[in-house]
Amino acid sequence: MAQDVVSPGTRQSVGIIADGVFKVLLAGVCAVGAAPLGHRLGVPPWLMALSGLALLVGGGTEIRLVRSRPMRTYLRLMVAYDSGWLLTALAGLLMAWQGSGAGGWVWMGYQTAAPLVLTALLVAASPSRKASRPHAKAGCPARPGRRWSRTGSTVR
């Protein structure tokens, strides 16, 4: 039986894209259901809409930069983001169980701020080696201090 071999980098890229798609879908849910969801969470519709916009920016950036940023950077940022998401969801649930109306504010506040921080960190991150060396695709050797002209000869 033949098996397709998929590199770990490809699997990670697919996971990053799926995470970005999830954020974009969640953005749509926040925007479309701003009034009813906001009412259930005890937050105003404008916060839900703003959160949807932030999630759209965060998810879109995550998808757009997947090939130009190192996997290690992505994985660290995603673990931090998801850990914060889990902690704020738990904090929001605990507040709701205690009868506080602040639980929705905590969770939606995180949903608004965290994607923007993720976006800023991804944009500020150094490009991966593959993305920063476009000549590597063309099969040109990379040598420090040398550039390649269009004719293939070296230029100092």
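FYI, the numbering just counts along the sequence from 1.
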Exercise. Going only through I, L, V, M, F, W and Y residues with side-chain contacts under 4.5 Å, is there a path from L26 to V43?
Worked result: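 Result: yes, single cluster for both.
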
For this session: Determine whether V123 and L116 fall in the same hydrophobic cluster, where Ile, Leu, Val, Met, Phe, Trp and Tyr are linked whenever their side-chain heavy atoms lie under 4.5 Å apart.
Result: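 Each belongs to a different hydrophobic cluster.
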
Seminar exercise, completed: For residues 42-51, the side chain to side chain donor-acceptor pair (under 3.5 Å) pairs (sequence neighbours left out) are none

Interatomic distance, [X] atom [atom1] to [Y] atom [atom2] [nearest 0.5 angstrom]:
X	Y	atom1	atom2	answer
T61	L121	OG1	CG	11.5 Å
M71	R11	CE	CZ	12.5 Å
K23	Y81	NZ	OH	4.5 Å
T88	Q111	OG1	CD	6.5 Å
E62	L122	CD	CG	6.5 Å
I16	L75	CD1	CG	5.5 Å

For this session: Say whether, by atom type as modelled, one donor and one acceptor occur between the side chain of R69 and the main chain of Y74 under 3.5 angstrom.
Result: no

Show me the donor-acceptor pairs within less than 3.5 Å that the side chains of residues 89-99 make with the rest of the protein, sequence neighbours left out.
none

Exercise. Taking side chain as C-beta onward, heavy atoms only, is C30 less than 4.5 Å from M108?
Worked result: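 When only atoms from C-beta onward are counted, M108 and C30 do touch, with a gap below 4.5 Å.
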
For this session: Evaluate the side-chain proximity of W105 to L47: yes if any heavy-atom separation is below 4.5 Å, no if none is.
Result: yes

Contact summary for [X] and [Y], nearest pair of heavy atoms:
X	Y	value
T119	G58	OG1-CA, 3.3 Å
P70	S126	CD-O, 3.3 Å
G52	A27	O-CB, 3.0 Å
P115	L55	CG-CD2, 3.7 Å
L77	L118	CB-CD1, 3.6 Å

